[in-house]
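This report refers to the structure that appears directly beneath it.
Order of the sequence lines fixes the chain letters, A, B, ..., with proteins taken first and strands second; residue numbering starts at 1 for each chain. Predicted, not measured: the structure shown is a model, and the values here were computed from it.
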Amino acid sequence: MTEELPPDEPAPSLFEAPPQGEQERMVEAILFASAQALTEREIAERLPHGCEVRVALEALRAHYRDRGVALARVGEAWAFRTAPDLGFLMHKEAVETRRLSRAAIETLAIIAYHQPVTRAEIEEIRGVSVSRGTLDLLMELEWVRIGRRRMTPGRPVTFIVTPVFLDHFGLESPRDLPGIRELRDAGLLDNRPPPGHGLDLGPDSNADDGPEEDEDEDDNRRDQDDMFD
Amino acid sequence: MTEELPPDEPAPSLFEAPPQGEQERMVEAILFASAQALTEREIAERLPHGCEVRVALEALRAHYRDRGVALARVGEAWAFRTAPDLGFLMHKEAVETRRLSRAAIETLAIIAYHQPVTRAEIEEIRGVSVSRGTLDLLMELEWVRIGRRRMTPGRPVTFIVTPVFLDHFGLESPRDLPGIRELRDAGLLDNRPPPGHGLDLGPDSNADDGPEEDEDEDDNRRDQDDMFD
Amino acid sequence: MPEDFPDISAGGGGAEAASVAERMAAEALLVDVDGFEGPLDLLLTLARTQKVDLRRVSILGLAEQYLGFVAEAKRLRIELAADYLVMAAWLAFLKSRLLLPPDPEAEGPSGEELAAHLAYQLERLEAMRRAAARLMGRDQLGRDRFVRGMAQSITMKRRVIYDASLIDLLQAYARVKTRDEYEPLHVKRGVVYTMEQALERLRGLIPQAVNWGVLEAFLPEGWRLDPEKRRTATAATFAAMLELVKDGRAEIRQDDVFAPIMVRAVRRVEHD
């Protein structure tokens, strides 16, 4: 509606954002009304011009810290969720989720911790082939989606986890996966090829791994950003 | 999760109601997650024994008094609702600017110059019938409204322009509209359409304007009439 | 993983003593062979029976455990999937590599490298298992945490603003007014059927009019129904007909006042 204002109108007062407290109320109302997490951009689009969404969000998060409802951050998005310790009260709302098979759970964990990861890499880690149904199910749940193709021969597709996954498991970002730092430090998230594969396997192979690892991390970060496009 | 309380906890406390603040958190979470408004009894059924629902509800209502959401009472039931003054955030408006159709602007001009004017008179001046849709649109825009009935047989209604019209076109009064001679002096009468002015219809006629379709047909009819008059 | 070496020899030495217990364990595992997610999963389960940190697991001992499992399956005539047998073959190869002194001429990775990678794979799989369990143990949406029950969707409202300026308005009015001015000129011309047109038409028609016929029959198509057009066409045709009579090419008669006007061609042959 502000767009209709003639440009020669005395600008300042018209484009002044609502006061801080009002902005907080507005963001609160918008997020309260939505079941899905909303990105800061989505929130901003619905607010008057000049609102500082991030500031309002942080204030709200602090306000709701010890309440029955909490403001959760999900990647670039935000959502109100009931406090986890009160879940037992909500048995009426509880949704009976399909029990995931062990294969599905392991595959999901591998994708989350190793993303972006190809199907061959998942199979290498689990030592068995990944059945079509497993990945389909994870994608159907919207916990997993296809990421960028790997720039290796055959250009295989990679799999990454989604904001829905983060929301479901109460994670702000894939970096908050439980124990991910320890696993990385222990080298257990490396893409270490079996000996005899690849050409330069000698004692140098570790040195070679260095920059590759960095690249993988970059890949991760980039793909994580992708998730919220 | 309370189920996990160590069994060696002093037993009586299990039957003691949670502290006041906890009760408030619980009611908050239950109302947040519920798809329906809940009565006090329904809330109480979900809470541990001994909770004072009414007290918790009143505390919550007070807490949310000036927030972006409000705890509203709906008959016997309670529910969180968007604060009434923030309802506008819940709809998104897509604004689209359209040019008024040729039929509408001509009708509007005739009303402005000849007001109060009946529909029959407008038709006489334009030489074609005026569709209901055109007048409806002009009235919806609040540029035209119905004036006094003409004291002639049939007592037809008349149309006049409104202050909104004057405001939109930057006029103090309809009398400020330039006369025919002035229009000619201003060169506005010089761009007279050539005979067989159907050609001139192009840029002005908005084929996609729903209500004006009738009017377009009228235009056609007029062109045919012209040939045989 | 150099710390594997003492274990490998120790595992090799204790193979005899452990063989009975191992075979019993293998039998127990066989019952559940469908429960394994492939050979690596089985190896991990076997490794756990060594009751050591996975980093210290004896790969040689593990290879023997696995081979014992496969041998037991054969004895019990339980069919194992092909990938279990492929793994058995590979572990037999690995075992020979580990037991034989390293051959400097040999191609490919050494037994230690292969063993180290297998140990890494087991550790990684175990780590992923634990991570998966921790992940599933988190507070999940719809189980421990809940979304807004009365979610409100945003209603989309389309609002159309009609735009028109004063100039549009004035031009529109000017257009309406000017239309009035030129219309009469434009209009009248079209409906006149001229005598020239009628004469042209009758010159073609009249020679064939041997018998008496009504004047109306000579009106052109398209000018007969509309009263206004009929009038001008009748006038023009009548005038043209008089011209033809004057020329001696046609005869014309009217039997009574307001009776139909009859015409026919004059037969020139008789005159000539």
Give the intermediate values and the outcome of side chain to side chain contact (heavy atoms under 4.5 Å, CB included) for residues C:Y120 and A:L188.
CA-CA 8 Å; C:Y120 172 75; A:L188 289 168; 4.0 Å; yes

What pair of heavy atoms forms the shortest contact from A:P84 to C:D139, and how long is it?
CB-OD2, 2.9 Å

Lys/Arg N to Asp/Glu carboxylate O, C:D144 vs A:R81, below 4.0 Å:
no

Determine which residues belonging to residues 59-66 of chain A lie within contact range of chain C, meaning some heavy atom pair is under 4.5 Å apart, and list them by number or answer 'none'.
none

Contact winner vs chain C - A:D167, A:L89, A:T107, heavy-atom pairs under 4.5 Å:
A:D167

Evaluate the criterion salt bridge (charged side-chain N to carboxylate O under 4.0 Å, His left out) for residue pair A:R102 and C:D41; output intermediate values, then yes/no.
CA-CA 12 Å; A:R102 190 169 136 191; C:D41 185 30; 2.8 Å; yes

Could I get the full list of side-chain hydrogen bond (donor to acceptor under 3.5 Å, both in side chains) partners for A:S129, not counting sequence neighbours?
none

Measure A:F80 against the heavy atoms of chain C and call it side chain, backbone, both or neither at under 4.5 Å.
backbone

Winner by heavy-atom pair count (cut-off under 4.5 Å) against chain C, out of A:I105, A:L31, A:V69:
A:I105

Run the side chain to side chain contact (heavy atoms under 4.5 Å, CB included) test on A:E124 and C:Q121 for me, step by step, so that the C-alpha distance in whole Å, both residues' side-chain angles and the decisive distance to 0.1 Å come before the verdict.
CA-CA 8 Å; A:E124 154 79 8; C:Q121 280 182 288; 3.6 Å; yes

So, using side-chain hydrogen bond (donor to acceptor under 3.5 Å, both in side chains) as the criterion, who are the partners of A:R25 when residues are at least two apart?
A:E22, B:D85

Reported CE-to-CZ distance for the pair C:M150 and A:F32, which is rounded to 0.5 angstrom:
9.5 Å

When rounded to the nearest 0.5 angstrom, what is the spacing between NE2 in A:H168 and CG in C:L135?
8.5 Å

When only pairs under 4.5 Å are counted, which of A:L100, A:L171, A:I180 shares the most heavy-atom pairs with chain C?
A:L171

Which of C:H117, C:R148, C:M87 touches chain A most, by non-hydrogen pairs under 4.5 Å
C:H117

Under 4.5 Å from a heavy atom of chain C, the part of A:L183 involved
side chain

Output the option from C:L141, C:L125, C:L114, C:L118 having the highest count of non-hydrogen pairs under 4.5 Å with chain A.
C:L141

Contact class of A:A79 relative to chain C, heavy atoms under 4.5 angstrom:
neither

Assess whether atom CD of A:Q36 is packed by more than 12 heavy atoms of other residues, nucleotides or ligands within 6.0 Å.
no

Hey, which of A:G179, A:P178, A:G187 has the most heavy atom pairs under 4.5 Å with chain C?
A:P178

Heavy-atom proximity to chain C below 4.5 Å, by part of A:A37:
neither

Which pair of non-hydrogen atoms, one from C:A151 and one from A:S34, has the smallest distance, and what is that distance?
CB-C, 4.4 Å

Tell me if a side-chain donor or acceptor on A:T82 pairs with a main-chain N or O of C:F146 at a distance below 3.5 Å.
yes

CD1 (A:I111) and CE (C:M128) are apart, to the nearest 0.5 Å, by 11.5 Å

Short question: side chain of C:R138, backbone of A:F169 - any donor-acceptor pair under 3.5 Å?
yes

Strictly by salt bridge (Lys or Arg N to Asp or Glu O under 4.0 Å), give each pair with a member in residues 77-92 of chain C just once, sequence neighbours left out.
none

Which atoms of A:L177 are under 4.5 Å from chain C, going by heavy atoms: the side chain, the backbone, both sets, or neither?
side chain

As an exercise, state the distance from OH of A:Y113 to CZ of C:R124, rounded to the nearest 0.5 Å.
15.5 Å

Of C:G38, C:A133, C:A132, C:S110, the largest count of non-hydrogen pairs under 4.5 angstrom with chain A goes to C:A132

